[in-house]
Engineer: 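One structure is given below, represented as structure tokens, and several questions about it will come after.
Counting begins at 1 with the first residue of the sequence.
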Amino acid sequence: MSASGGRERILRAALELIARDGFDGVRIADIARRAEASTALVHYHFATRAQLLTASLAHSLGAAEARLERRTSGEHRSAPPERLADLIDFGLPLTSDDVMEWRLWSELEMRAAGSPELARSLAALNDRLMQPLAATVAAGLETGDFRDCHPDDIATVALALLTGLATRLIARDRTLTLADARRLAGRQLALAVGYRGELPFQPLPPQPEPAPGTEGPAEAASPDRPSPRRRAPRAGSRP
């Protein structure tokens, strides 16, 4: 196993196990076993468990950004309203991988208040999410698609809105569906940027059927039941 390949397998194993069992429920030995690596190799790449948590999220976000860029380029969705619609999708848990990422994000947020190291990591990851939103709004102001708004303000509000909706979906809130969450986010952000009409979303990906006796998007897209990955485009400046 190459050094880079070993690190990637460790990160993927950490992402899956922490999302499933929580940060406190996972040992380094569990991650090493899942990655088919030694505990020494895990410690070689990551000195602390906090580093492993934030690196797993950063790795997952980077892979999602790359997929998002390929999809955006392939489908020629470059107009600011299209970018904003796709970035809304990027912030919602549409697939099993998204659910895992949001569970890790929750773990990071819970621990950031008591750890300066994790607080800095969370701020950096939030900035990665807000940059494409702000750049998209700025582009829309230049083209005239958007008006009377401030890009950084919209990015901050959008992240807060999407985080709240995603948290309810992950918690299996029966009063909120994925389609509802997308519609609400699209409507509120269209109003915020002064866009006339509805944002041009792409069709939602097929959602897996929930197992008998279970309900909710978190169950329908659990880490043990994969579904096709989908992500939305980042703005041209940067996803």
Side-chain angles (χ1 to χ4, degrees), residues 61 64-65 67-68 71-72 75-103 105-106 126 129-141 143-210 214-222 225 227-235 239:
L61 182 57
E65 289 169 345
R67 285 190 292 271
L68 166 122
R71 179 181 180 188
T72 303
E75 298 183 9
H76 307 291
R77 288 175 63 83
S78 59
E82 293 172 333
R83 290 180 187 171
L84 183 57
D86 290 341
L87 286 168
I88 290 172
D89 277 353
F90 189 79
L92 294 173
L94 270 64
T95 71
S96 58
D97 281 348
D98 300 332
V99 171
M100 285 196 296
E101 286 169 10
W102 273 109
R103 288 175 178 166
W105 209 275
S106 297
N126 279 334
L129 292 175
M130 289 193 293
Q131 283 180 12
L133 286 162
T136 294
V137 174
L141 289 171
T143 61
D145 290 298
F146 305 153
R147 56 191 173 85
D148 301 329
C149 62
H150 190 284
D152 290 339
D153 289 349
I154 295 299
T156 299
V157 170
L159 182 60
L161 174 61
L162 293 170
T163 298
L165 291 170
T167 299
R168 288 182 60 186
L169 290 171
I170 294 300
R172 308 182 203 173
D173 185 335
R174 298 182 183 182
T175 66
L176 184 71
T177 67
L178 182 58
D180 288 338
R182 178 204 248 187
R183 176 179 52 80
L184 289 169
R187 178 178 297 172
Q188 294 306 312
L189 291 178
L191 288 171
V193 299
Y195 180 70
R196 296 181 177 89
E198 296 185 1
L199 293 173
F201 286 102
Q202 300 188 71
L204 281 171
Q207 297 296 297
E209 289 295 326
T214 64
E215 297 182 31
E219 183 69 28
S222 68
R225 293 153 55 151
S227 60
R229 177 71 177 187
R230 90 45 265 171
R231 277 295 196 180
R234 52 180 169 180

Engineer: Mind checking what makes side chain to side chain donor-acceptor pair (under 3.5 Å) contact with Thr143, not counting sequence neighbours?
Structural biologist: Asp145
Engineer: Return yes if some donor-acceptor pair links the side-chain N/O of Gln188 with the main-chain N/O of Ala185 below 3.5 Å, else return no.
Structural biologist: no
Engineer: Are the side chains of Pro151 and Phe146 in contact, using a 4.5 Å heavy-atom criterion?
Structural biologist: no
Engineer: Identify, with sequence neighbours excluded, every residue that meets side chain to side chain contact (heavy atoms under 4.5 Å, CB included) alongside Leu184.
Structural biologist: Leu176
Engineer: Identify which one of Leu189, Thr136, Leu129, Val137 satisfies the side-chain contact (heavy atoms from CB on, under 4.5 Å) criterion when paired with Leu87.
Structural biologist: Thr136
Engineer: Scan Asp98, Leu162, Leu94 and name whichever one has a side-chain contact (heavy atoms from CB on, under 4.5 Å) with Asp89.
Structural biologist: Leu94
Engineer: So, does Arg168 use its side chain to make a donor-acceptor pair with the main chain of Asp173 at under 3.5 Å?
Structural biologist: no
Engineer: Just verifying a value: how many Å separate Leu84 CG and Phe201 CZ, rounded to the nearest 0.5 Å?
Structural biologist: 7.5 Å
Engineer: Counting only N and O atoms by type, is there a donor-acceptor contact under 3.5 Å from the side chain of Arg77 to the main-chain atoms of Pro200?
Structural biologist: yes
Engineer: Can you list everything that forms a side chain to side chain donor-acceptor pair (under 3.5 Å) with Asp152? Sequence neighbours excluded, please.
Structural biologist: none
Engineer: Do Thr156 and Asp153 have side-chain atoms, one donor and one acceptor, less than 3.5 Å apart?
Structural biologist: no
Engineer: Can you name the residues that form a side chain to side chain donor-acceptor pair (under 3.5 Å) with Thr167, not counting sequence neighbours?
Structural biologist: none
Engineer: Please give me the minimum heavy-atom distance between Ala155 and Ala134, naming the atom from each residue.
Structural biologist: CB-N, 3.8 Å
Engineer: Measuring from Ile170:CD1 to Arg103:CZ, what's the distance to the nearest 0.5 Å?
Structural biologist: 6.0 Å
Engineer: Report, one line per pair, each donor and acceptor closer than 3.5 Å where one atom sits in a side chain of residues 190-199; sequence neighbours left out.
Structural biologist:
none

Engineer: Which residues satisfy the side chain to side chain donor-acceptor pair (under 3.5 Å) test with Arg183, sequence neighbours excluded?
Structural biologist: Asp180
Engineer: Which atoms form the tightest heavy-atom contact between Leu165 and Ala181, and what is the distance?
Structural biologist: CD1-O, 3.5 Å
Engineer: Excluding sequence neighbours, so at least two apart, what forms side chain to side chain contact (heavy atoms under 4.5 Å, CB included) with Ala166?
Structural biologist: Pro93, Trp102
